Amino acid sequence: MSDPIFRADSLAVTYTSSRGPVKALEGLSATLGQGEFLSVLGPSGCGKSTLLKVVSGLLKPSGGSVTLRGAPITGPRPDVGIVFQQPTLLPWQTTLDNVLLPVRTLGLDLEGGRAKAMQLLKLVGLDKFASHYPGELSGGMQQRVGIARGLIHDPALLLMDEPFAALDAMTREHMMMELQRIWMAAGKSVMFITHSIPEAVFLSDRIVVLSARPGRTIREFEVDLPRPRTLGTMAEKPFAEHCNALRALFSDLVKFD
Ligand SMILES: Nc1ncnc2c1ncn2[C@@H]1O[C@H](COP(=O)(O)OP(=O)(O)O)[C@@H](O)[C@H]1O
Ligand SMILES: [Mg+2]
């Protein structure tokens, strides 16, 4: 890999709560290459959203280091875009204005921002919905507005925290295809957080697997399936083999009772 754009070394986070300290992450290490699609895969509660908070500069780690483009992450920064599990759109603002939100909060050029927003709405297939309000859009469409908003300020890194978890199964498959297409067209480095094995295998170049809480890196997987991957890819043997290898890993790790 050429110089990674993002690097986490032995990252640790301990929350202090009224019940005492909660170790959320301990020994998480990962790198993200330029233009790479990386998934961080781990069971519920293992510290994935905690990682997102650290990478977006909202939470200080208790140990280890995180760097973006060679510089330590010490607070929120404009070269990161975030897409959350819920679309978190402002219901009283149009699609276009919702996409423009980071342009306004970062004080960027609004005229240029509008043109860029229209390009991105085209990219996510919503250019005809620029003047619609969130309540007039389906869940999948709202999530695509969230993706356009995450890209509007041309971030070096796009962080996505289980962005499709709240969608129904058919919309989720459609959004996986859409995200692959958008990623291939936009050429961004993506860190995609998920607890879904097929989602991680379908989308990723590489997968970092976390243990149950406190999350630490236990394994890295290359996904060498050719692109563009299609719905047919999921019916093929290599796809199933990748998923099975990950499932076996988790069945050793997480005991369900
Ligand atoms: N502010 C907080 N205070 C105390 N514990 C927290 C806080 N936020 C998260 N946790 C705990 O840290 C662990 C990891 O949480 P989280 O990062 O949200 O996991 P994930 O996103 O993988 O489901 C969980 O056990 C959760 O209860
Ligand atoms: Mg989470």
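Both ligands and their constituent atoms are indexed starting at 1 by order of listing. Keep in mind that what you see is a predicted model, and the values were worked out from it rather than measured.
For ligand 1, the polar-atom distance check against S17 finds no nitrogen or oxygen pair separated by under 3.5 Å. An N or O contact shorter than 3.5 Å links C46 to ligand 1 by distance.
Within the 4.0 Å heavy-atom cutoff, G45 counts among the residues contacting ligand 1.
Counting heavy-atom neighbours within 6.0 Å of H195 NE2, excluding the residue itself, gives a total of 12 or less. The environment of CZ in R229 is crowded: more than 12 heavy-atom neighbours from other residues, nucleotides or ligands sit within 6.0 Å.
Those atoms of ligand 1 with a heavy atom of R213 less than 4.0 angstrom away are 13 (C), 24 (C), 25 (O). For ligand 1 and S44, the ligand atoms under 4.0 Å from any heavy atom of the residue are 23 (O). Residue-ligand proximity, S49 to ligand 1, at heavy-atom distances under 4.0 Å covers atoms 17 (O), 18 (O), 20 (P), 21 (O). For ligand 1 and A24, the ligand atoms under 4.0 Å from any heavy atom of the residue are 12 (O).
The pair R149-D97 does not count as a salt bridge, with every side-chain nitrogen at least 4.0 angstrom from each carboxylate oxygen.
The protein atom (non-hydrogen) at minimum distance from atom 22 (O) of ligand 1 is K48 N, 2.8 Å. Of all protein heavy atoms, the one closest to atom 15 (O) of ligand 1 is T50 OG1, 3.9 Å. Here the protein heavy atom with the shortest distance to atom 9 (C) of ligand 1 is Y15 CE1, 3.4 Å. Atom 19 (O) of ligand 1 has as its closest protein heavy atom G47 N, 3.3 Å.
Between the side chains of S49 and D161, at least one donor N or O sits under 3.5 Å from an acceptor N or O.
In this structure, atom 17 (O) of ligand 1 has protein heavy atoms in its sub-4.0 angstrom surroundings. In this structure, atom 26 (C) of ligand 1 is not in close contact with the protein, since no protein heavy atom lies within 4.0 Å of it.
The closest side-chain heavy-atom distance from V54 to L11 is below 4.5 Å. Considering only heavy atoms from C-beta on, V208 stays 4.5 Å or farther from L41 through its side chain.
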- [ ] Apply the test salt bridge (Lys or Arg N to Asp or Glu O under 4.0 Å) to residues R114 and D109: give CA-CA distance (whole Å), side-chain angles for both, the deciding distance (0.1 Å), then the verdict.
- [x] CA-CA 9 Å; R114 272 203 192 93; D109 167 47; over 6 Å; no
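Taking backbone and side chain together, S49 holds an N, O or S atom under 2.8 Å from the Mg ion (ligand 2).
Hydrophobic clustering, with ILVMFWY side chains joined whenever heavy atoms are under 4.5 angstrom apart, groups F129 together with V124.
Taking the six-membered ring for Trp and thresholds of 30 and 60 degrees, W183 and F37 have ring planes more than 60 degrees apart, a perpendicular arrangement.
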